[in-house]
2 protein chains.
Amino acid sequence: MQCTRNQTEEHTRAMRAVQDSMDILNGKWKIPIISSMCYYTERRFSDILSDVVGISNKMLSKELKDLEINQLVKRTVLPTQPVTVQYELTAHGKTLQTIILNLAEWGRAHHDKIFAQEPLDSASS
Amino acid sequence: MQCTRNQTEEHTRAMRAVQDSMDILNGKWKIPIISSMCYYTERRFSDILSDVVGISNKMLSKELKDLEINQLVKRTVLPTQPVTVQYELTAHGKTLQTIILNLAEWGRAHHDKIFAQEPLDSASS
DNA sequence: CAGTATCCAAAGGGATACTG
DNA sequence: CAGTATCCCTTTGGATACTG
């Protein structure tokens, strides 16, 4: 092992910091929900519900509450009939955009890599 | 809404790419496990087990298999007695380092932000 | 529309013991 | 050391129905 004690401590600290992030972004849905809001200044409950494929309204409701508690998302009720609710990223929530962009980029790269490896059935037909 | 059709399509594509990433990095442990390997050229099973606080050997075993299947991690068995197994990030796995670093940085920033907000009990004593 | 409430099946995952 | 196997409790989260 070529690392010094200081590197080990830095490693430990970095691990904890990553864990802190993951505690807040926990579960299957947080990142996709934030992604949904990333490209718009504001987004309604039903918009996010259709953006995030597969999520149920119960889950979305719960996850948005979590994000609000952690101050990543701001919720605004508009006095319409029936009620409209808008969600938007807070300044703090927007600091996650870099990570989201990186994840999107990585997802594409990974997809391309796997695709390039696979023997294409269509080539044999 | 001030976005054009093209932006909407790009949004949809980005959401899918993020989902693709999250499908591979699913669960509580993948990111911390990769983090554990980020700072070293190679890491043994027991090293990772102690790095990732709270994980069980059963979980670690399963998650490492997943990562190996997705070609993010390479597993090497050394002919020692008893057996030693080394894990290392593949070239492809290393492309996640940016994301890990960003997550660590964000975790620290978030921690600092929350800490700065909290009324300190120690101040009143 | 934007949720909440309840029910319940399935998956997650810890503890422990065992193996090569 | 590096896992695997089993037991079993806990959490997750979908489906459905209901509310302001």
Side-chain angles (χ1 to χ4, degrees), chain A residues 1 18-19 22-37 40-70 72-90 93, chain B residues 1 18-19 22-37 40-70 72-90 93:
Chain A
M1 195 185 301
V18 170
Q19 282 282 13
M22 297 316 288
D23 285 350
I24 286 161
L25 304 174
N26 63 46
K28 232 178 129 169
W29 304 115
K30 298 265 166 44
I31 300 268
I33 289 170
I34 293 167
S35 305
S36 164
M37 284 181 286
Y40 301 88
T41 54
E42 83 289 315
R43 206 88 178 117
R44 290 184 311 166
F45 187 86
S46 51
D47 292 332
I48 304 174
L49 197 59
S50 56
D51 280 345
V52 181
V53 178
I55 199 171
S56 64
N57 59 344
K58 173 180 149 186
M59 263 297 108
L60 180 56
S61 174
K62 187 202 153 244
E63 298 291 69
L64 282 170
K65 264 183 203 161
D66 283 2
L67 293 173
E68 209 190 338
I69 287 170
N70 286 313
L72 301 178
V73 158
K74 184 177 167 223
R75 178 178 181 272
T76 311
V77 182
L78 302 181
T80 53
Q81 185 52 251
V83 167
T84 304
V85 181
Q86 289 191 341
Y87 290 90
E88 58 192 304
L89 292 179
T90 61
Chain B
M1 197 184 302
V18 169
Q19 282 283 13
M22 297 316 287
D23 284 349
I24 284 162
L25 303 174
N26 62 47
K28 229 178 131 170
W29 303 114
K30 298 267 167 40
I31 299 267
I33 290 169
I34 294 167
S35 303
S36 165
M37 285 181 286
Y40 302 87
T41 54
E42 83 290 316
R43 206 88 177 118
R44 291 183 311 166
F45 187 86
S46 51
D47 292 333
I48 304 173
L49 198 58
S50 55
D51 280 346
V52 182
V53 178
I55 198 171
S56 64
N57 59 344
K58 172 179 150 186
M59 262 298 107
L60 180 55
S61 174
K62 188 206 152 238
E63 299 290 70
L64 282 169
K65 264 183 202 160
D66 284 1
L67 293 173
E68 209 190 337
I69 288 169
N70 285 313
L72 302 178
V73 157
K74 183 177 167 226
R75 179 177 179 271
T76 311
V77 182
L78 302 182
T80 54
Q81 185 50 251
V83 168
T84 304
V85 181
Q86 288 191 342
Y87 290 90
E88 58 192 304
L89 292 178
T90 61

* Separation between CG of A:Leu25 and CD1 of A:Ile31, rounded to the nearest 0.5 Å -> 4.5 Å

* Asked: Taking only N and O in the side chain of B:Arg75, is any of them less than 4.0 Å away from OP1 or OP2 of D:dA2?
  -> no

* What integer distance in Å separates A:Ile33:CD1 from C:dG3:C1'? -> 14 Å

* Rounded to the nearest 0.5 Å, how far does CD1 of B:Ile33 lie from CD1 of B:Ile55? -> 4.0 Å

* To do: Measure the distance from CZ on B:Phe45 to C1' on D:dA2 and round it to the nearest whole Å.
  => 6 Å

* Can you check whether A:Arg75 reaches A:Val85 side chain to side chain, under 4.5 Å on heavy atoms? -> yes

* To do: Please round to the nearest 0.5 Å and tell me the distance separating atom CD1 of B:Ile48 and atom CD1 of B:Ile34.
  => 10.5 Å

* Asked: Below 4.0 angstrom from OP1 or OP2 of C:dA2, is there any side-chain N or O of A:Ser46?
  -> yes

* Give the rounded distance in Å between these two atoms: CG of A:Asn26 and P of D:dT11. => 14 Å

* To do: Write down the distance between CZ (B:Arg43) and P (D:dG3), rounded to a whole number of angstrom.
  => 15 Å

* Structure fact -> The residue, A:Lys28 or A:Val83, whose nearest nucleotide of DNA chain D is more 5′ is A:Lys28

* Could you state the atom-to-atom distance from CH2 of B:Trp29 to P of C:dG13 in whole Å? => 8 Å

* Asked: Counting only N and O atoms by type, is there a donor-acceptor contact under 3.5 Å from the side chain of A:Ser50 to the main-chain atoms of A:Ser46?
  -> yes

* Asked: Paired stems touching DNA chain C, three or more consecutive Watson-Crick or G-U pairs with both distances under 3.5 Å?
  -> C:1-20 with D:1-20

* To do: Identify, between B:Pro82 and A:Thr84, the residue whose nearest nucleotide on DNA chain C lies closer to the 5' end.
  => A:Thr84

* To the nearest angstrom, how far is B:Asp47 atom CG from D:dA2 atom P? -> 7 Å

* Asked: To the side chain of A:Ser56, which of D:dG14, C:dA2, D:dG3 is closest?
  -> D:dG14

* Asked: Is any side-chain nitrogen or oxygen of A:Tyr87 closer than 4.0 Å to OP1 or OP2 of C:dC1?
  -> no

* Asked: Distance from B:Leu49 atom CG to B:Leu60 atom CG, nearest 0.5 Å?
  -> 5.5 Å

* Rounding to a whole Å, what distance do you find between B:Ile55:CD1 and D:dA2:P? -> 14 Å

* For DNA chain C, determine which residues of residues 57-70 of chain A have any heavy atom closer than 4.0 angstrom to one of its atoms, and list them numerically. => A:Asn57, A:Lys58, A:Ser61, A:Lys65

* To do: Would you indicate whether the side-chain heavy atoms of A:Tyr40 and A:Asp47 approach each other to under 4.5 Å?
  => no

* Any sub-3.5 Å donor-acceptor pair from B:Ser61's side-chain atoms to B:Asn57's backbone N or O? -> no

* **Value rounded to 0.5 Å, distance of CE in B:Met59 from NZ in B:Lys62** => 4.5 Å

* What is the distance, rounded to the nearest whole Å, between atom CG of B:Leu49 and atom P of D:dG3? -> 10 Å

